[in-house]
Asks: 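The structure that follows is given in the form of structure tokens.
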Amino acid sequence: MKVGITGAAGLIGQRLAAGLRGKYELTLFDLKEEARGDGVSIMSADVSDREALAGRFEGLDAIIHLAAIHRSNPSFADVVRSNIVGTYNLIEEARRAKVRRIVFASTNHTQNARAASPLMDMSATSQAFVDTGKTIKPTDPPAPDSYYGVSKLCCEDLGRYYAEFLRCIEFVALRIGWSAPGNPNDAPLTKIMRSPDVERHYRALFLSERDTVHLFDRALQAKLTFLVCHATSANPQPVFDLTDTIDKLGFSPQDNSDKYFDDAQSNPVGAS
Ligand SMILES: NC(=O)c1ccc[n+]([C@@H]2O[C@H](COP(=O)([O-])OP(=O)(O)OC[C@H]3O[C@@H](n4cnc5c(N)ncnc54)[C@H](O)[C@@H]3O)[C@@H](O)[C@H]2O)c1
């Protein structure tokens, strides 16, 4: 199976390029062309530039679409251009090239304000929400906490339109929590553990490197037309419900945040 990955030079892109290489024939894309060691090269493809995408996806069976702007609370204009227009361009070019499936990197920020009301904390991982004992299902109403979250919701619905109404492409959106570095000592630990609220948040959202690769693999393989589902490891205090991820994708998480954080706490070298 021939699989393209956009945003391949980024954090998750590098993980997937390494983890899926043995199983799929990969073509890697990012903003800039780049030759890496051991024969790995990245081709330039700015997804916000429709013309620059022309012909780039020819011969691919699937695309993992990671390219997006998400760090540092991006502006509305930036997420419209890179995320919404970028995803529209990508789907249109994929459809033209007869790519069968798109696996889309969505985010918990589409629902992270689920527990929000004028009287409550703004985060779904707030203690107030955790104390309710509820979990959030992907089918619960959207609750974006940022323009970024809004942009990913819009991209999910673009996918829904092409998959369920136009029926010309399959689309799987993974609402990723926090794709953590394989080695806890590479995680920004002092930032994460600076308060019980922030630590609880990351513990609930944790998705291990191994589970990240396995989940994208399942999203490439599972037989379905359209799905939006959550993407975390099997964390002890879950906030985002994994039922669809397990039942419909066949996701079988191997890790959970307890061990990761225990290891990190016992050896916080590299914290920054
Ligand atoms: N890292 C996480 O824990 C996390 C959590 C939730 C969702 N996500 C989503 O997963 C995806 C990957 O996240 P990441 O952490 O690897 O991000 P990253 O910022 O490390 O990498 C994103 C890559 O996309 C590229 N890119 C940005 N705009 C582009 C454009 N217009 N055309 C082509 N390439 C472009 C960047 O150059 C970068 O290499 C993103 O869509 C992000 O929203 C990540």
Side-chain angles (χ1 to χ4, degrees), residues 4-19 27-34 36 40 42-53 56-57 63-75 77-91 93 102-112 124-125 138 144-156 158-159 172-182 186-188 191-192 201-209 211-213 215-216 219 228-233 235 239-240 257 260:
I5 303 180
T6 70
L11 196 123
I12 295 180
Q14 291 185 50
R15 270 172 210 166
L16 294 181
T27 307
L28 309 181
F29 302 99
D30 207 289
L31 283 174
K32 290 191 188 129
E33 198 167 305
E34 195 183 324
R36 301 222 156 152
V40 176
I42 293 180
M43 300 165 71
S44 76
D46 180 348
V47 294
S48 67
D49 179 352
R50 179 74 206 278
E51 285 176 15
L53 292 187
R56 309 307 294 275
F57 303 149
I63 298 172
I64 295 175
H65 180 36
L66 305 173
I69 293 200
H70 69 110
R71 298 188 193 281
S72 311
N73 202 11
S75 70
D78 281 348
V79 298
V80 168
R81 189 185 64 250
S82 293
N83 301 2
I84 300 176
V85 175
T87 299
Y88 164 75
N89 289 340
L90 178 126
I91 299 177
E93 186 56 29
I102 293 169
V103 177
F104 175 68
S106 190
T107 177
N108 68 87
H109 292 277
T110 53
Q111 285 180 304
N112 188 42
T125 52
D145 62 2
S146 52
Y147 292 131
Y148 165 59
V150 171
S151 76
K152 292 284 184 173
L153 283 165
C154 182
C155 296
E156 289 177 359
L158 273 171
V172 180
L174 305 174
R175 289 184 174 168
I176 301 167
W178 168 50
S179 183
D186 294 334
K191 280 189 196 159
I192 289 170
H201 179 82
Y202 279 94
R203 280 179 181 266
L205 295 179
F206 172 80
L207 174 66
S208 74
E209 190 169 316
D211 287 343
T212 303
V213 173
L215 180 54
F216 275 85
V228 175
C229 64
H230 289 139
T232 70
S233 287
N235 301 326
V239 167
F240 295 98
S257 52
Y260 190 84

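Whatever order the structure lists them in is the order used to number ligands and atoms, beginning at 1. Side-chain atoms are counted along with the backbone in the values below, which use heavy atoms only and exclude waters and symmetry mates.
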Asks: Tell me, please, which residues at least two apart from Y88 pass ring-ring contact (aromatic ring centres under 6.0 Å, His included).
Replies: none
Asks: Run the side-chain contact (heavy atoms from CB on, under 4.5 Å) test against E33 and tell me which residues pass, sequence neighbours left out.
Replies: S44
Asks: Could you check whether S48 and D46, counting side-chain N and O atoms only, form a donor-acceptor pair closer than 3.5 Å?
Replies: yes
Asks: Could you go through ligand 1 and list every pair where one of its N or O atoms sits under 3.5 Å from a protein N or O, giving the atom names and the distance to one decimal?
Replies:
{"residue": "ligand 1", "atom": "3 (O)", "partner": "S179", "partner atom": "N", "Å": "2.8"}
{"residue": "ligand 1", "atom": "15 (O)", "partner": "H70", "partner atom": "NE2", "Å": "3.4"}
{"residue": "ligand 1", "atom": "15 (O)", "partner": "R71", "partner atom": "NH2", "Å": "3.1"}
{"residue": "ligand 1", "atom": "16 (O)", "partner": "L11", "partner atom": "N", "Å": "3.1"}
{"residue": "ligand 1", "atom": "16 (O)", "partner": "I12", "partner atom": "N", "Å": "2.8"}
{"residue": "ligand 1", "atom": "17 (O)", "partner": "H70", "partner atom": "NE2", "Å": "2.8"}
{"residue": "ligand 1", "atom": "19 (O)", "partner": "H70", "partner atom": "NE2", "Å": "3.4"}
{"residue": "ligand 1", "atom": "19 (O)", "partner": "R71", "partner atom": "NE", "Å": "3.4"}
{"residue": "ligand 1", "atom": "20 (O)", "partner": "L11", "partner atom": "N", "Å": "2.9"}
{"residue": "ligand 1", "atom": "20 (O)", "partner": "R71", "partner atom": "NH2", "Å": "3.0"}
{"residue": "ligand 1", "atom": "31 (N)", "partner": "D46", "partner atom": "OD1", "Å": "2.9"}
{"residue": "ligand 1", "atom": "32 (N)", "partner": "V47", "partner atom": "N", "Å": "3.0"}
{"residue": "ligand 1", "atom": "37 (O)", "partner": "D30", "partner atom": "OD1", "Å": "2.6"}
{"residue": "ligand 1", "atom": "39 (O)", "partner": "G10", "partner atom": "N", "Å": "3.3"}
{"residue": "ligand 1", "atom": "39 (O)", "partner": "D30", "partner atom": "OD1", "Å": "3.3"}
{"residue": "ligand 1", "atom": "39 (O)", "partner": "D30", "partner atom": "OD2", "Å": "2.7"}
{"residue": "ligand 1", "atom": "41 (O)", "partner": "L66", "partner atom": "O", "Å": "2.7"}
{"residue": "ligand 1", "atom": "41 (O)", "partner": "K152", "partner atom": "NZ", "Å": "2.7"}
{"residue": "ligand 1", "atom": "43 (O)", "partner": "Y148", "partner atom": "OH", "Å": "2.5"}
{"residue": "ligand 1", "atom": "43 (O)", "partner": "K152", "partner atom": "NZ", "Å": "3.2"}

Asks: For residues 80-91, which residue pairs pass the salt bridge (charged side-chain N to carboxylate O under 4.0 Å, His left out) check, not counting sequence neighbours?
Replies: D78-R81
Asks: Quick one: do the T212 and R15 side chains pair a donor with an acceptor below 3.5 Å?
Replies: no
Asks: Any donor and acceptor pair, going by atom type alone, linking the side chain of N83 with main-chain N or O of S151 inside 3.5 Å?
Replies: no
